[in-house]
Amino acid sequence: ETPKSGWSVASHSGESIALDLELTPELLEAGVVREIIRAVQEERKQSGFDISDRIHIEWNGNAEFRTAFSNAESSIHAEVLALTSSLNEKLLVDEEIGLALKLSTVKQN
């Protein structure tokens, strides 16, 4: 089988599957959100926080990260147990990944 442009096709034992390989802006942004979540979880681990600790996120990022964070702030909070977050333009953005993070625990009543 020859797939049409932008598609990938695989067949095995009489079964075929076709995948649309187009990366839409929504898919690209979802990938950036997953990267933000991964980076926050890694920072939580390196900071020695308990898995149940509620946190505050200070962050800074390039335009791609700023858009993704703004659009998905509530889902990022839910995923990483953040109660609050704020943009801190004083944090130096790592040019390789485009993001800077500073986490702190939030005291709960």
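A side-chain donor-acceptor contact under 3.5 Å links Ser85 and Glu73. Ser86 and His56 share a donor-acceptor pair across their side chains, judged by distance under 3.5 Å alone.
With a 6.0 Å radius and a threshold of 12 heavy atoms from other residues, nucleotides or ligands, Leu27 has its CG atom above the threshold. The number of heavy-atom neighbours closer than 6.0 Å to CG of Leu92, taken from other residues, nucleotides and ligands shown, is 12 or below. At most 12 non-hydrogen atoms from other residues, nucleotides or ligands lie less than 6.0 angstrom from CD of Glu15.
In this structure, CG in Asp94 is found 8.5 Å from CG in Leu99, a value given to the nearest 0.5 Å. Ile76 contributes atom CD1, which lies 4.0 Å from atom CD1 of Ile36 (distance to the nearest 0.5 angstrom). Note that CG of Leu28 and OG1 of Thr67 are 12.5 Å apart. Values are rounded to the nearest 0.5 Å.
Side-chain contact between Leu103 and Arg44 is present, with at least one heavy-atom pair separated by less than 4.5 Å. Looking at Asn88 and Lys102, their side chains never come closer than 4.5 Å, going by heavy atoms from C-beta outward. The shortest distance between side-chain heavy atoms of Ile55 and Leu83 does not fall below 4.5 Å. Side-chain contact between Asn60 and Leu87 is present, with at least one heavy-atom pair separated by less than 4.5 Å. Using a 4.5 Å heavy-atom cutoff, the side chains of Arg34 and Glu29 are not in contact. Annotation: side chain of Glu22 is in contact with side chain of Thr24 (closest heavy-atom distance under 4.5 Å).
One hydrophobic cluster holds both Ile37 and Phe65 under the rule that ILVMFWY side chains link at heavy-atom gaps under 4.5 Å. Cluster annotation: Leu81 and Leu101 are assigned to distinct hydrophobic clusters (Ile/Leu/Val/Met/Phe/Trp/Tyr, side-chain heavy-atom contacts under 4.5 Å, transitive). Residues Ile57 and Leu91 are members of separate hydrophobic clusters, defined by side-chain heavy-atom contacts under 4.5 angstrom among Ile, Leu, Val, Met, Phe, Trp and Tyr.
A salt bridge links Arg38 with Glu35: at least one charged nitrogen is closer than 4.0 Å to a carboxylate oxygen.
In terms of heavy atoms, Val93 sits closest to Ala100 at CA-CB, 4.0 Å. Of all the heavy atoms in Val33 and Ala72, the pair that sits closest is CG2-CB, 3.6 Å.
Side-chain atoms of Asn62 come within 3.5 Å of backbone N or O of Glu64 as a donor-acceptor pair. For the pair Asp53 (side chain) and Asp50 (backbone), a donor-acceptor distance under 3.5 Å is present.
Using bins of under 30°, 30° to 60° and over 60° for the plane-to-plane angle, the ring pair Phe69/Trp59 lands in the parallel bin.
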Item to complete: Could you walk me through whether Phe49 and Thr105 pass side-chain contact (heavy atoms from CB on, under 4.5 Å), step by step?
Response: CA-CA 8 Å; Phe49 295 151; Thr105 57; 3.5 Å; yes
